[in-house]
Amino acid sequence: ATPTAVMVGTGVAASHGILIKGADALERAHRIRTIVFDKTGTLTRGKPVVTDVRLYDTQASLKEVMHLAAALEVQSEHPLASAVINFAAEGLGIGQQQVGGGAKVTAGTKGAPAARRLDWVRPAKDVLSVAGKGVLGWVAVGPEISRSPIKGKEGPRDVKVILGNKQMMADEGIPISKAVDDYMRDMEAKCCTCVMVALAGSIVAVLAVTDPLKPEARGVVAALARRGLAVHLVTGDNWRTARAIAEQLAIINVCAECLPGAKVDKIRGSKKVVAMVGDGVNDSPALAAADVGIAVGSGTDIAIEAADYVLMRDDLEDVLVAIDLSRKTFNRIR
Ligand code: ADP
Ligand code: MG
């Protein structure tokens, strides 16, 4: 391609809100044979909402459980954290953020009387985020919730609260009952991501979180396949949810329960010219490792930094626009 053609190509890209970092990047995109998509925030909208919840084996009310969960998640940056916080805020009547159309609440066992007060719940201490697994910390609660009242002591007491997936619970030695497992299986088949809440050593709630697909996702995946590209999905989310989502998108190649390092290994292991499309902090190493890293708009600064292409409009159609433009510029339209 002539320098003029490259300039024209870059200009057309810019008019679509596609930022290309140099002529090399524009050239490489026409050779892409494999394209790997992150799930959360890339194929999905990245605005997850709690759509269902179950309580198990607890004296605590749903409000109390949500208050404890929110006390931890306010210290997490994960998209799931905002779903939990919004849902808690909604229940506590303090939500002004978007919370999505009325979560259906179906309690597995009966909660405590609504009269119980939340005043004694303090902010979580020693909060630890575990990448790809969840978050844990300590919250002061009254004796009726801690389940192990200290004789003669009525005041609040620190209990360990753990939020996360099966790996998180396994690491922390929290048993998962058949009821919990069955519920999660059902919800995961419906594309939900389940967040378990453990309090003082046992699971007291499961929150089913839905993050809808971007409306253009399916069409874009199909169009990429028509152009001869192998489309892959990688996610830190669990296998069942990942498969359910992949099925909706007609993606056959799925890699789930993938920690950030595993995403990089997957990219490095590709024998073909590979593109990575992602949004999050988690994805930056994979974006940098790919032959062509594509950051989608709502993405974090660090992802934008690591990428060769930045799609400012957060529209997956622009992945096609970018590839087609490169093919056109370098005369390889098939
Ligand atoms: P993704 O590739 O989808 O962005 P991550 O690696 O960020 O996934 O997270 C993987 C999984 O770890 C999530 O699906 C969730 O089960 C769990 N997880 C991570 N952070 C949190 C959190 N703050 N609260 C609850 N669960 C979490
Ligand atoms: Mg993501």
Counting only heavy atoms not in Gln75, do more than 12 sit closer than 6.0 Å to its CD atom?
-> yes
Hey, does the side chain of Arg28 reach the backbone of Asp291 with a donor-acceptor pair shorter than 3.5 angstrom?
-> yes
Are Leu233 and Leu249 side-chain neighbours, meaning at least one heavy-atom pair lies under 4.5 Å?
-> no
Linking I/L/V/M/F/W/Y whenever any side-chain heavy atoms sit under 4.5 Å apart, do Val159 and Val197 land together?
-> yes
Separation between CD1 of Ile162 and CG of Leu128, rounded to the nearest 0.5 Å | 10.5 Å
Within the distance-only criterion (no hydrogens, no angle test), does the side chain of Asp283 pair as donor or acceptor with the backbone N or O of Ala286 below 3.5 angstrom?
-> no
May I ask whether Leu325 and Val310 are part of the same hydrophobic cluster, defined by side-chain heavy atoms of I, L, V, M, F, W, Y residues being less than 4.5 angstrom apart, directly or through others?
-> no
From the options Asp315, Thr44, Asp314, select the one residue that forms a side-chain hydrogen bond (donor to acceptor under 3.5 Å, both in side chains) with Lys214.
-> Asp314
So if you build clusters from Ile, Leu, Val, Met, Phe, Trp, Tyr with side-chain heavy-atom gaps below 4.5 Å, do Leu311 and Leu26 land together?
-> yes
How far apart are the C-alpha atoms of Ile35 and Val319, what are their side-chain angles, what is the distance that settles it, and do they pass the side-chain contact (heavy atoms from CB on, under 4.5 Å) test?
-> CA-CA 10 Å; Ile35 185 160; Val319 173; 3.7 Å; yes
Note: Ala290 and Val274 closest approach over all heavy atoms is CB-O, 3.7 Å
Quick note, side-chain hydrogen bond (donor to acceptor under 3.5 Å, both in side chains) partners involving residues 164-178, not counting sequence neighbours, are Lys133-Asp171, Lys160-Glu172, Lys166-Asp181, Lys178-Asp182
Pair Asp24-Glu27, side-chain contact (heavy atoms from CB on, under 4.5 Å): steps then yes or no | CA-CA 5 Å; Asp24 273 12; Glu27 193 277 328; 5.6 Å; no
Test salt bridge (Lys or Arg N to Asp or Glu O under 4.0 Å) applied to Arg227 and Asp324, step by step = CA-CA 9 Å; Arg227 282 163 177 72; Asp324 288 350; 2.7 Å; yes
Student check: side-chain heavy atoms of Met66 and Leu207 closer than 4.5 Å = yes
Looking at Cys192 and Thr51, what are the two nearest heavy atoms and their distance?
-> SG-OG1, 4.1 Å
Ile252, CD1 atom: more than 12 neighbouring heavy atoms under 6.0 Å | no
Measure from the side-chain N and O atoms of Ser15 to the backbone N and O of Val12, and report whether any donor-acceptor pair falls under 3.5 Å.
-> yes
If you round to the nearest 0.5 Å, how far is CG of Asp237 from CD of Glu188?
-> 7.5 Å
What distance separates Ile251 CD1 from Ile245 CD1, expressed to the nearest 0.5 Å?
-> 9.5 Å
Linked, directly or transitively: Ile18 and Met7 (ILVMFWY side chains, under 4.5 Å) | no
Expected output: side-chain Arg313 to main-chain His16 donor-acceptor under 3.5 Å = yes
Heavy-atom closest pair (Ala242 atom, Val254 atom, distance to 0.1 Å) is CB-CG1, 3.9 Å
Hydrophobic cluster identity match, Val234 and Val277, side-chain contacts under 4.5 Å | no
Short question: side chain of Glu257, backbone of Trp239 - any donor-acceptor pair under 3.5 Å?
-> yes
Minimum-distance pair of heavy atoms, taken over all atoms of Ser270 and Lys272 | OG-O, 2.9 Å
Non-hydrogen atoms of Val84 and Ala70 that approach each other most closely = CG1-N, 4.3 Å
Kindly determine whether Ile323 and Leu229 satisfy side-chain contact (heavy atoms from CB on, under 4.5 Å), including the steps that lead there.
-> CA-CA 11 Å; Ile323 290 172; Leu229 275 68; 4.0 Å; yes
Nearest heavy-atom pair of Cys255 and Cys258: which atoms, and what distance?
-> SG-SG, 3.2 Å
Backbone N or O of Leu316 within a donor-acceptor pair of the Glu216 side chain at under 3.5 Å?
-> yes
Please assess Tyr183 against Asp52 for the test side-chain hydrogen bond (donor to acceptor under 3.5 Å, both in side chains), listing each intermediate value before the final yes or no.
-> CA-CA 10 Å; Tyr183 174 66; Asp52 200 77; 2.3 Å; yes
Rounded to the nearest 0.5 Å, how far does OG of Ser202 lie from CD1 of Ile176?
-> 12.0 Å
Donor-acceptor under 3.5 Å (Asp126 side chain, Gly137 main chain) | no
Rounded to the nearest 0.5 Å, how far does CG of Leu213 lie from CD of Gln248?
-> 5.5 Å
From CG (Leu199) to CD1 (Ile174), nearest 0.5 Å = 9.5 Å
Can Leu163 and His78 be said to form a side-chain contact (heavy atoms from CB on, under 4.5 Å), step by step?
-> CA-CA 12 Å; Leu163 268 78; His78 201 274; over 6 Å; no
